[in-house]
Amino acid sequence: MLDFLARLFQRHPLGSKEVAKERLRLVLVHDRANVSPELLEMLKNDLVQVISKYIEIDERGLEVTLDSSAEMVALVASIPVRRVKRAVKMASV
Amino acid sequence: MGEVIVITSGKGGVGKTTATANIGAGLALRGHKVALIDADIGLRNLDVVLGLENRIVYDLVDVVHGQCRLKQALIKDKRFEGLHLLPAAQTKDKTAVKPEQMKELCLQLKEEFDYVVIDCPAGIEQGFKNAIAGAEKAIVVTTPEVSAVRDADRVIGLLEAAELREPKLVINRLRPKMVRQGDMMNIEDIIEILAIDLLGVIPEDEQIIVTTNRGETVVQDQRSRSGEAFRNIAMRILGEPVPLMDLERDGNLFARLRRIIGLR
């Protein structure tokens, strides 16, 4: 009965297995790609340098991760932009 | 010539030793000559799970170092015709044996036994490398948890790199009720993620604790679900097509009624 009540008032109707599956999926993308956190960190730093030449970005909000769809592994970068630099804007006109 | 099967998992505590004991006993019950090797040198456990701890005289390291003959170290399980155990050494460490020596040992055992089943230590270091050195087939044990499945994935990669192709999966400690509630990964989820063939599924069963306490296997217990699951696995290893057992058959009348009227 307790079980039933607990389920009635559950906050996550989907159950925790979906969370487990998603976490496992992401962990395995990294494991299988054999990309170390250090390598990812180096890549992140280089990305910041290159992009900062053209766009002012929020370095702290930068996120670089691996993700996978059916057959492909993708490098996903989420980069918050502060503003596009004026000099670059002028040059491209 | 027999066949050498290693039972491995990466993560500890998922039930490798219990699986080794029960699969070995299951094969012996079907009339085969079986040698079980405890390859966990320094942390031997298969002897206590089988209730044979008081009968050890020599161990695997003694055999490999030529301090006794293979026959002297093999312990015959009196409860199962054809079942034998080669215990691990308790006072040595993993470096006491080399992969080449394990290969040689497996070759010797294959001459006399139909099946040689190796209980691999947890981890992916030297002990793992020793345990898989002489094996021709591999069984990977996992439980429906993120950590265990992750380690299983790593081990599958290492097995394939070592030319142990197409390992088979055993999912241990599945709780049908939690699966129904969406709080545990189901069989399909795990198979899809690991992309290997399924050998069997063992439901969580308190009877395993009871039999292990007594130094017995669960495989000869006709009433237990886990025993049935292990018998099925033994039959599949022998090439008999056995369908997966119905895990929904468990539960009391109330649980079944609820399921019938659609409350899961």
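We use all heavy atoms of the structure for the numbers below, so side chains are in, but hydrogens, waters and symmetry mates are not. Letters A, B, ... mirror the listed sequences (proteins, then strands); counts begin at 1.
- Looking only at distances, a side-chain donor or acceptor of Thr211(B) sits under 3.5 Å from a matching main-chain atom of Ile208(B).
- Salt-bridge check for Arg231(B) with Glu228(B): failed, with every basic side-chain N at 4.0 Å or more from each acidic carboxylate O.
- At a 4.5 Å heavy-atom cutoff, the contact between Arg150(B) and chain A is made by backbone and side-chain atoms alike.
- The side chain to side chain donor-acceptor pair (under 3.5 Å) pairs that include a residue from residues 187-199 of chain B are Lys17(A)-Asp189(B), Lys21(A)-Asp189(B), where partners are two or more places apart or lie in different chains.
- When heavy atoms are compared at a cutoff of 4.5 Å, Met184(B) approaches chain A solely by way of its backbone atoms N, CA, C and O.
- Although no hydrogens or angles enter the test, the distance criterion places no donor-acceptor pair under 3.5 Å between the side chain of Arg82(A) and the main chain of Glu56(A).
- Interface remark: Arg25(A) contributes no atoms to any contact with chain B (heavy atom separation under 4.5 Å).
- For CD of Glu240(B), the number of neighbouring non-hydrogen atoms (other residues, nucleotides, ligands) closer than 6.0 Å is greater than 12.
- There is no side-chain donor-acceptor pair under 3.5 Å between Thr17(B) and Asn45(B).
- Near-neighbour residues of residues 127-143 of chain B relative to chain A, defined by a heavy atom under 4.5 Å from a heavy atom of that chain, are none.
- By the 4.0 Å N-to-carboxylate-O rule, Asp40(B) lies too far from Lys16(B) to be salt-bridged with it.
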